[in-house]
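These values consider heavy atoms only, across backbone and side chains, with no hydrogens, waters or symmetry-generated copies. Counting from 1, the numbers follow the sequence of the chain as shown.
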Amino acid sequence: MKTLRNVNPGETVTIVKLHGEGAVKRRIMDMGLTKGTRVFVRKVAPLGDPIEVNLRSYELSLRKADCEMIEVE
């Protein structure tokens, strides 16, 4: 299983599945991270947290913990 945390900067991936439960999963979905969405990883901070991504014509910074819940291909 490949997660968004394992994607290198400059790669584009597609979200396959969201893991997690309740409010955490709902918050991720509210940010536009839903199944089938294409995500471009712009950059990763030096210590790996946060990760900056582009999706649906906007930029978003995500914590490592949130990225581990997003399965991609």
Side-chain angles (χ1 to χ4, degrees):
M1 176 178 84
K2 183 176 180 181
T3 64
L4 191 56
R5 181 176 183 210
N6 305 112
V7 178
N8 295 320
E11 287 186 60
T12 301
V13 294
T14 303
I15 297 174
V16 176
K17 185 176 182 181
L18 296 176
H19 300 278
E21 297 178 13
V24 176
K25 185 174 181 179
R26 182 81 238 162
R27 185 173 56 83
I28 291 171
M29 292 175 69
D30 288 343
M31 288 188 280
L33 295 158
T34 56
K35 184 178 176 180
T37 303
R38 297 193 44 83
V39 179
F40 173 73
V41 178
R42 284 196 62 209
K43 56 187 167 183
V44 178
L47 297 176
D49 199 13
I51 298 171
E52 187 175 319
V53 298
N54 281 14
L55 67 142
R56 300 181 189 238
S57 302
Y58 72 93
E59 297 174 358
L60 182 64
S61 292
L62 297 165
R63 293 178 286 193
K64 284 191 294 188
D66 294 338
C67 290
E68 289 175 350
M69 290 187 250
I70 304 168
E71 185 178 337
V72 297
E73 65 177 10

Next item on the list: Could you check D66 against R5 for salt bridge (charged side-chain N to carboxylate O under 4.0 Å, His left out), going step by step and ending with a plain yes or no?
Entry: CA-CA 8 Å; D66 294 338; R5 181 176 183 210; over 6 Å; no

Margin query: Testing V53, L4, T3 one by one against V13 for a side chain to side chain contact (heavy atoms under 4.5 Å, CB included), which residue passes?
Written below: L4

Next item on the list: Side-chain contact test, heavy atoms from C-beta onward, threshold under 4.5 Å: evaluate it for E73 versus K17 and give yes or no.
Entry: no

Notebook entry, point to check: Hey, does L62 have a side-chain heavy atom less than 4.5 Å from the side chain of L60?
Noted result: yes

Notebook entry, point to check: Can you find a heavy atom in the side chain of L33 that is under 4.5 Å from one in the side chain of L55?
Noted result: yes

Notebook entry, point to check: What are the two closest heavy atoms between V16 and V72, and how far apart are they?
Noted result: CG2-C, 3.8 Å

Notebook entry, point to check: Considering residues, nucleotides and ligands other than R27, do more than 12 of their heavy atoms fall under 6.0 Å from its CZ?
Noted result: yes

Notebook entry, point to check: Do the side chains of V39 and N54 get nearer than 4.5 Å, heavy atoms only?
Noted result: no

Checklist line | E21, CD: over 12 other non-hydrogen atoms inside 6.0 angstrom | finding: no

Note to self: Quick check for you: to the nearest 0.5 Å, what is the distance between H19 atom NE2 and I28 atom CD1?
What the structure shows: 10.5 Å

Next item on the list: Would you tell me whether T14 and R38 have side-chain atoms, one donor and one acceptor, within less than 3.5 Å of each other?
Entry: yes

Check: Is there a side-chain contact between M69 and V24, using heavy atoms and a 4.5 Å cut-off?
Finding: yes

Item checked: Crowding at NZ, K2 (>12 non-hydrogen neighbours, <6.0 Å) -> yes

Check: Taking C-beta and beyond as the side chain, do R56 and T37 meet within less than 4.5 Å on heavy atoms?
Finding: yes

Next item on the list: Sequence neighbours left out, what pairs pass side-chain hydrogen bond (donor to acceptor under 3.5 Å, both in side chains) with at least one residue falling in residues 43-53?
Entry: R42-E52

Next item on the list: Output all residues satisfying side-chain contact (heavy atoms from CB on, under 4.5 Å) with V44, sequence neighbours left out; order by chain, then residue number.
Entry: P9, V41, I51

Next item on the list: For T34 and M29, work out which heavy atoms get closest and say how close.
Entry: CG2-O, 4.1 Å

